[in-house]
Amino acid sequence: MLDDATLDHFVQDGFLELRSAVPASVVAECQNEIAAALIAEGVDVDEPTTWKPVVRVDCPRTRAFETAGSQQVLTDAYDALLRAGTWTKPRGVGGTIPVRFPSESDPGDAGWHVDGSYDGDGGYWINVASRARALLCLFLFSDVGPHDAPTELKIGSHLDIPAMLEPFGEAGMNSTRLSVTLPRSTLERPSAFATGCAGDVFVCHPFVVHRATWPHRGAGARMLAQPGIMHNEPFALDGINPSPVEQGILRGLGCSPNPTTA
């Protein structure tokens, strides 16, 4: 279970780290299945001549990934951050896996952004109630050090996004448009990097600003899944017993939560 101090840090920083969330034996199975998916794309993790800066594969829907995504430590974290019964249990891990290989070349996808969560005109959209997406997770399926193109997170950046989205109401905003209009003050926030051992999981607020980094100057493939955890209903934002994720949105809007029940 997550203690109050950890939850407070999540509200302030926008993410938390769950070390060794996925057992090593399960990670090894997942790595083998990612490698097999790459072979289908003409890329062999053991043959550098086939490598590209980044290759994206769909996260396999297999027993290994179902086991990885359903670890009790993850379920407990989602319950603590969102409230039990409010989120949709994922099938496996989900999302895509951008596999990054050692390269000095610009991978072409390394810009600052906030993930969109639902289809709209011209791509994915996002609204202040975070329709459809309740959390962003980063599953490390390989060891990731500072030279392995780790994902960069702007600490506390999720607090800047609600005020940008609020004027657009329920309809929301194109996530690409949002990302290219991020204020300098957001991009000047301190950074954290999603580094660690295979099996670690970073659980992030859906509004956290992040990017891929490059160049990758490590020794091998960096494997990371980036699924969203979906919720049953958008956040109410009424201030009544808000979850930690909702608290972050309310804080960004300058609202104080009301701990009493209706």
Side-chain angles (χ1 to χ4, degrees), residues 2-19 21 77-78 80-83 87 110-117 124-131 133-140 144 146 149-168 172-173 175-196 200-213 224 226-229 231 234-237 239 241-259:
L2 303 179
D3 59 27
D4 289 343
T6 300
L7 295 175
D8 288 344
H9 280 300
F10 177 89
V11 174
Q12 181 60 37
D13 294 346
F15 66 94
L16 58 82
E17 306 161 17
L18 300 177
R19 300 299 180 182
Y78 304 157
L81 295 170
L82 299 170
R83 306 300 186 217
W87 55 277
W112 290 112
H113 65 282
V114 177
D115 285 0
S117 58
Y124 284 105
W125 284 53
I126 183 173
N127 70 5
V128 71
S130 197
R131 172 181 162 190
R133 182 187 294 265
L135 291 166
L136 166 68
C137 293
L138 305 176
F139 282 71
L140 276 59
V144 181
T151 300
E152 183 175 5
L153 310 169
K154 281 298 177 182
I155 299 172
S157 57
H158 65 298
L159 302 174
D160 300 336
I161 303 305
M164 297 180 67
L165 292 172
E166 186 180 32
F168 296 91
M173 185 179 187
S175 61
T176 300
R177 180 184 173 193
L178 172 71
S179 297
V180 299
T181 55
L182 291 169
R184 179 179 296 274
S185 58
T186 295
L187 302 183
E188 290 177 345
R189 283 180 173 273
S191 293
F193 295 86
T195 57
D200 293 347
V201 177
F202 285 70
V203 183
C204 307
H205 194 283
F207 292 168
V208 74
V209 177
H210 60 287
R211 69 174 177 179
T213 60
L224 180 147
Q226 48 185 18
I229 301 300
H231 48 181
F235 295 115
L237 302 181
N241 286 334
S243 68
V245 174
E246 194 174 4
Q247 288 176 41
I249 299 175
L250 292 168
R251 185 175 297 187
L253 293 173
C255 301
S256 297
N258 180 358

Tell me the closest heavy-atom pair linking Arg19 and Thr195, and the distance in Å. NH1-O, 2.9 Å
In terms of side-chain geometry, is the basic nitrogen of Lys154 or Asp160 positioned less than 4.0 Å from the acidic oxygen of its partner? no
Any donor-acceptor pair under 3.5 Å linking the side-chain atoms of Glu152 with those of Thr213? no
Which is it for Leu159 and Gln12 under the side-chain contact (heavy atoms from CB on, under 4.5 Å) test, yes or no, and what are the steps along the way? CA-CA 8 Å; Leu159 302 174; Gln12 181 60 37; 4.1 Å; yes
Looking at Arg177, I'd like to know if its CZ atom is crowded, meaning that more than 12 non-hydrogen atoms belonging to other residues, nucleotides or ligands lie closer than 6.0 Å. no
Is the number of heavy atoms from other residues, nucleotides or ligands within 6.0 Å of CG (Asp3) greater than 12? yes
CZ/Phe168 to CG/Asn127 distance, rounded to the nearest 0.5 angstrom? 12.0 Å
Would you name the heavy atoms of Val128 and Leu237 that are closest together and state the gap between them? O-CD1, 3.8 Å
Going from CG on Leu2 to CG on Leu16, what distance comes out if it is rounded to the nearest 0.5 angstrom? 6.0 Å
Please determine whether side-chain contact (heavy atoms from CB on, under 4.5 Å) holds for the pair Leu182 and Ile161, giving the CA-CA distance in whole Å, both sets of side-chain angles, and the decisive distance to 0.1 Å. CA-CA 8 Å; Leu182 291 169; Ile161 303 305; 3.7 Å; yes
Kindly indicate whether the side chain of Glu17, heavy atoms from C-beta on, has any atom under 4.5 Å from the side chain of Asp200. no
More than 12 foreign heavy atoms under 6.0 Å from NE2 of His113: is that the case here? yes
Close side-chain approach of Leu136 to Pro206, heavy-atom, < 4.5 Å: no
Separation between CZ of Arg251 and CD of Glu246, rounded to the nearest 0.5 Å: 13.5 Å
So CZ of Phe10 and OG of Ser243: to nearest 0.5 Å the spacing works out to 8.5 Å
Measure across Pro167 and Ala163 and return the closest heavy-atom pair with its distance rounded to 0.1 Å. CD-O, 3.3 Å
Go through Leu7 and Gln247 one step at a time and tell me if the side-chain contact (heavy atoms from CB on, under 4.5 Å) criterion holds. CA-CA 10 Å; Leu7 295 175; Gln247 288 176 41; over 6 Å; no
Test item: His158 side-chain N/O and Val11 main-chain N/O as donor-acceptor pair under 3.5 Å: yes
Arg83 side chain vs Pro244 backbone, donor-acceptor pair below 3.5 Å: no
Between the CG atom in Leu135 and the NE2 atom in His205, the distance rounded to the nearest 0.5 Å is 8.5 Å
Can you tell if the side chain of Thr186 reaches within under 4.5 Å of the side chain of Trp112, non-hydrogen atoms only? no
Would Ile155 and Arg189 satisfy side-chain contact (heavy atoms from CB on, under 4.5 Å), going step by step from the backbone distance to the final call? CA-CA 6 Å; Ile155 299 172; Arg189 283 180 173 273; 5.7 Å; no
How long is the straight-line distance from CG of Leu165 back to CZ of Phe207, given to the nearest 0.5 Å? 5.5 Å
I'd like to check Leu153 versus Leu138 (side-chain heavy atoms, cut-off strictly below 4.5 Å). Are they in contact? yes
Does the Ser175 side chain pair with the main chain of Tyr124, one donor and one acceptor, at a distance under 3.5 Å? yes
What heavy-atom pair brings Ile126 and Gly116 nearest, and what distance separates the two atoms? CB-CA, 4.4 Å
So which atom in Val144 and which in Pro150 form the shortest heavy-atom distance, rounded to 0.1 Å? CG1-CB, 3.8 Å
Between Ser130 and His231 the two heavy atoms that sit nearest each other are O-NE2, 2.7 Å
